[in-house]
Chemist: 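Below are the structure tokens for one structure; questions will follow.
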Amino acid sequence: MTADLVEVRDLAITFPGGTGAVDGVRAVDGLSFTLAAGGALGIVGESGSGKSTVAAALLDLHRGTGARVDGTVRVDGTDVLAAPDHALRALRGGTAAMIFQDPLSSLDPYYAIGDQIAEVHRVHRPGTSRRAARARAVAALDRVGIPDAARRARSRPHEFSGGMRQRALIAMALACEPRLLIADEPTTALDVTVQAQILDLLHTLRAETGMGLLLVTHDLGVVAGSVDEVLVMRGGRAVERGPVGQVLGAPREPYTKDLLAAVPRIETARGGAAALPAPRAALHAADRPAAAPGPAADASAAAPPLLEAAGLRREFGRRGRRTTAVADVSLTVRAGETLGLVGESGSGKTTVGRMLVRLLDPTAGTLHYEGRDIGGLGERALRPLRSDLQMVFQDPVSSLNPRRTIGESVADPLRAAGGLDDAEVRRRARDLLERVGLDPAWYHRYPHEFSGGQRQRVGIARALAPSPRLLVCDEPVSALDVTTQAQVMALLGELRRDLGLSLVFIAHDLAVVRAVSDRVAVMRAGRIVEEGPVDAVYDNPQHPYTQGLLTAVPVLDPQAAADRRARRAAA
Amino acid sequence: MTGYVLRRLGGALIVLFLLSALVYLLFYVAPGDPAKLACGPRCNAEQIRQVREQLHLGEPLLQQYLHFLQGLVAGRDYSTGTGVLHCHAPCLGLSYQNDQPVTTLLASRLPVTASLALGAMVLWLLLGVGTGLLSALRRGGTTERVLTVLTLAGTATPVFITGLLLLMLFCAGLQWLPFPTYVPLTEDPEQWAWNLLLPWTALALLESAKYARLTRSATLETLADDHIRTFRAYGLRERAVIGRHALRGALPPVIALNAIDLGTMFGGAMLTETLFGLPGIGRLTVQSVRTVDLPVVVGAVLGIGAAVVLAGAIADVLYALADRRVTLT
């Protein structure tokens, strides 16, 4: 027996392969690590690195799924992989509790939140009365900061906001006083300010209860302020492990350096790319947009306005339950510039983006394109302008038709425009694929054969097909890993420079927006609260909301992260 | 919610109004002289003329339809030659066969149909949800394949074949059960159930396959949900995970489909009622079509329409109650 809370030795996990892959997929390959009682370990890696698979193995959630798990896993002295079912059930939730990425789908939509927590409590404390378990659930909800916990315990998950749901899930984890909390991407689905609150909560709870924390995340900024040690994973193996300050501050391994270099920094001005670690060819870091600001940066003020929106307003729903998604937004996009639009979920930024390209009709307000009022144009009159105004969507999976080859998807807008024969359409579609860095020979392949980054390139090629003047990119890199994200941002910067495009770049990630934008507009509750040149807004925010957003952004330096946490606690 | 129900009921009334107009039109263009039909085969020309007068058959179509609507809302008087017969609102007319108000006829048959439909529903839910759940849990195994074949066979076999086989086996062959006759529940509950057991079974075998498939796919969908993983990760027994969480998620579509099916059944399971000799609404409808008893046919069609339209509204409300994320607007 060791004093370690978690001990993982030579862990290897293989998922049964589909047709063709005889040996299956080796998700984790010979991983060993330990976590001391009360310690906090962060496991970071890009998608597919096997980090979540490891987290699930600590509770042997792979049992019965057909996955092959080898090696040993000990949690608080229990040999997890060999434990009989009843011992494993006692461990799950009792000794080690897990919280998940998507707090909405992780709770049962049909039962009240308090009942779900009480149910788990009664499983681990048999003999507890229903009343006592309910009281316990209310206490747990209260402890994680749910206001009016006794009443809210009767709410169902859909009546909670994203942050409150994650708090509720943490309350469920706390219900049985576990010694270890396993958090699998606990803040990935949350807004940056809510993320900061949840991370602060985890920090406080750990200090109060002395439980150990295993934090799995793709976001290096999230681990910086939350754990003592970091394990970097890639392809199922450990790349580097060490104290958080050392791994993030002075990484030894090239992969860790690449990963860190690809993370967009909120504190770096656009011209400041030279200050970054030496870019590595493998990441195409040479064409990071930060290094290629383009000529527009200086010319933007003089350039004529391309698109002007004034007093845009959009309401949804019918009479009784009308909600205002966008209350009053006025903005100008000049020729050749990039306007960043940041805001948290529900702030109305996507609605604004869609109105700018007239995918949605404004309820009120005017929209001028090159001086011409296009806000009230009918579909027929609008058609010639459609090719000028294009959009790139967030989710490259669902925004491509899975039953159409990528070449055909790119060719569709060319066909819709008419005037070209089929051979010419195909030739141009191939050119576009090549332009966005895809092999034109892949014309006949289907979206599922591509990675997320490649699919987003297809989405960009499709948007470029009608030769647009303005491209509205709605969270174009949010679904991508940091290295892929850097590549796609580089591509957008390059296209803007070469084709003279104007971009509206919508994102919730403040660092990403800073890296690509000339000017930035901060949205909150359907209004723009602050707008200006990007460096001015980031370095000297005027509006309290912008200031709050900026202090909530996780930073890579653990010391700075601790300072920020202290500042948030004081505020 | 209340607003929704009211609006939905208003919509149902409009549908029924249109249905009544359509059925009445069919009634009017149906071949044969209604007066002759109403009077019977032994009437002479004078008698037929009198009947035509009594039934206002000489009036224009619109006028007749307005009389019909008036009867529905306020009741209507029929002169029988010797006296006046009052038909209370909602009046759907008088049967040509025996001059009884159609509403009385329908009301007397309703308990039979309701007994058949509700009992069969309990059986098909048990059978369908049970096999559906089992095949979801034994996915890809022999059990699932056997169950799939059995439920498909149940659906594919017409009810008069299943019913006949059941009758031959249990009534004629083994003599475990009586040949069904309807005994009112209020008279003798035990005999009521024994006599209805075979009709229930025949209907349930036919219907349960649909529920088995729906339950199976809905359960599999829920089992793949993240919250199932949550409760497994918190040490719940598999039985509790499935019974409390997976099945609960699969129920709303089952409840909604069941409301609609039940509505349809209230219109009468014509084949089943005829086969087993049960005097329900279905059998009444078949008989009146055969004897061209047009007022009864119109009444039955409207009754069936009302049941189906109402069931649709009830299904929506039940779905929203079963899944609180759904808001009815």
Side-chain angles (χ1 to χ4, degrees), chain A residues 52 55-56 58-65 85-112 115-117 119-125 155-159 165 168-169 172-173 175-176 178 182 184 189 317-321, chain B residues 1-8 10-11 129 133 136-141 215 218-256 318-329:
Chain A
S52 288
L58 294 189
L59 297 177
D60 201 11
L61 291 179
H62 302 296
R63 190 173 287 194
T65 61
D85 283 353
H86 67 89
L88 186 64
R89 281 202 303 271
L91 175 85
R92 292 177 175 179
T95 311
M98 191 156 176
I99 58 174
F100 302 94
Q101 170 171 352
D102 186 347
L104 174 58
S105 60
S106 298
L107 291 163
D108 192 328
Y110 297 107
Y111 294 101
D115 290 346
Q116 300 187 42
I117 298 174
E119 183 184 9
V120 167
H121 184 71
R122 272 160 59 86
V123 165
H124 292 285
R125 301 282 187 276
S155 303
R156 288 182 171 74
H158 70 275
E159 296 165 285
R165 283 181 209 131
L169 204 56
M172 186 187 277
C176 303
I182 304 163
D184 185 6
R318 294 197 302 182
R319 284 160 298 161
R321 11 179 113 228
Chain B
M1 187 69 112
T2 324
Y4 173 82
V5 172
L6 288 178
R7 247 175 294 135
R8 199 58 205 259
V129 174
L133 190 60
L137 298 180
R138 302 266 185 281
R139 189 187 182 186
T215 308
T219 307
L220 285 177
E221 213 170 283
T222 322
L223 277 175
D225 279 355
D226 284 348
H227 69 263
I228 296 296
R229 178 193 58 185
T230 304
F231 290 101
R232 285 196 178 128
Y234 277 91
L236 260 69
R237 282 171 189 279
E238 198 59 17
R239 213 184 319 142
V241 170
I242 288 159
R244 248 180 86 75
H245 298 282
L247 190 58
R248 178 66 184 80
L251 280 185
V254 172
I255 292 173
L318 284 181
Y319 195 102
L321 288 177
D323 186 346
R324 298 295 180 85
R325 290 168 298 178
V326 176
T327 47
L328 299 172
T329 50

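The shown structure was predicted, so the numbers you read here are calculated from the model rather than taken from an experiment.
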Chemist: To the nearest 0.5 Å, how far apart are OH in A/Y111 and CZ in B/R244?
Modeler: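 Between A/Y111 OH and B/R244 CZ, I get 4.5 Å after rounding to 0.5 Å.
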Chemist: To the nearest 0.5 angstrom, please state how far the OG atom of A/S106 sits from the CG atom of B/D225.
Modeler: 10.0 Å
Chemist: Using heavy-atom distances under 4.5 Å, tell me whether A/L61 contacts chain B through its side chain, its backbone, both, or neither.
Modeler: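 For A/L61, the side chain is the part near chain B, not the backbone.
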Chemist: Considering only heavy atoms and a distance below 4.5 Å, find which of A/H158, A/H86, A/Q116, A/M172 pairs most often with chain B.
Modeler: A/H158
Chemist: Shorter than 4.5 Å, heavy atoms on both sides: which option in A/S105, A/G93, A/G64 has the most such pairs with chain B?
Modeler: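 The answer is A/S105.
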Chemist: Any side-chain heavy-atom pair from A/D108 and B/F231 closer than 4.5 angstrom?
Modeler: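 With C-beta onward as the side chain, the pair touches.
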Chemist: More than 12 non-hydrogen atoms from neighbouring residues, nucleotides or ligands closer than 6.0 Å to CZ on A/R63, yes or no?
Modeler: yes
Chemist: Measuring from atom CZ of A/R89 to atom CD of B/E238, what distance do you get when rounded to the nearest 0.5 angstrom?
Modeler: 9.5 Å
Chemist: Against chain B, label A/A173 side chain, backbone, both or neither, depending on which of its atoms sit under 4.5 Å from a heavy atom there.
Modeler: both
Chemist: Is the side chain of B/H245 donor-acceptor paired with the backbone N or O of A/Y110 at a distance under 3.5 Å, no angle test?
Modeler: no
Chemist: Name the option with the most non-hydrogen atom pairs under 4.5 Å to chain A; the candidates are B/P252, B/G3, B/G235.
Modeler: B/G235
Chemist: Please classify the contact between A/L169 and chain B as side chain, backbone, both or neither, with a heavy-atom cut-off of under 4.5 Å.
Modeler: both
Chemist: Among A/M98, A/Q101, A/E159, which residue has the highest count of heavy-atom pairs closer than 4.5 Å to chain B?
Modeler: A/M98
Chemist: Tell me whether B/Y234 contacts the main-chain N or O of A/H121 through its side chain, where contact means a donor paired with an acceptor under 3.5 Å.
Modeler: no
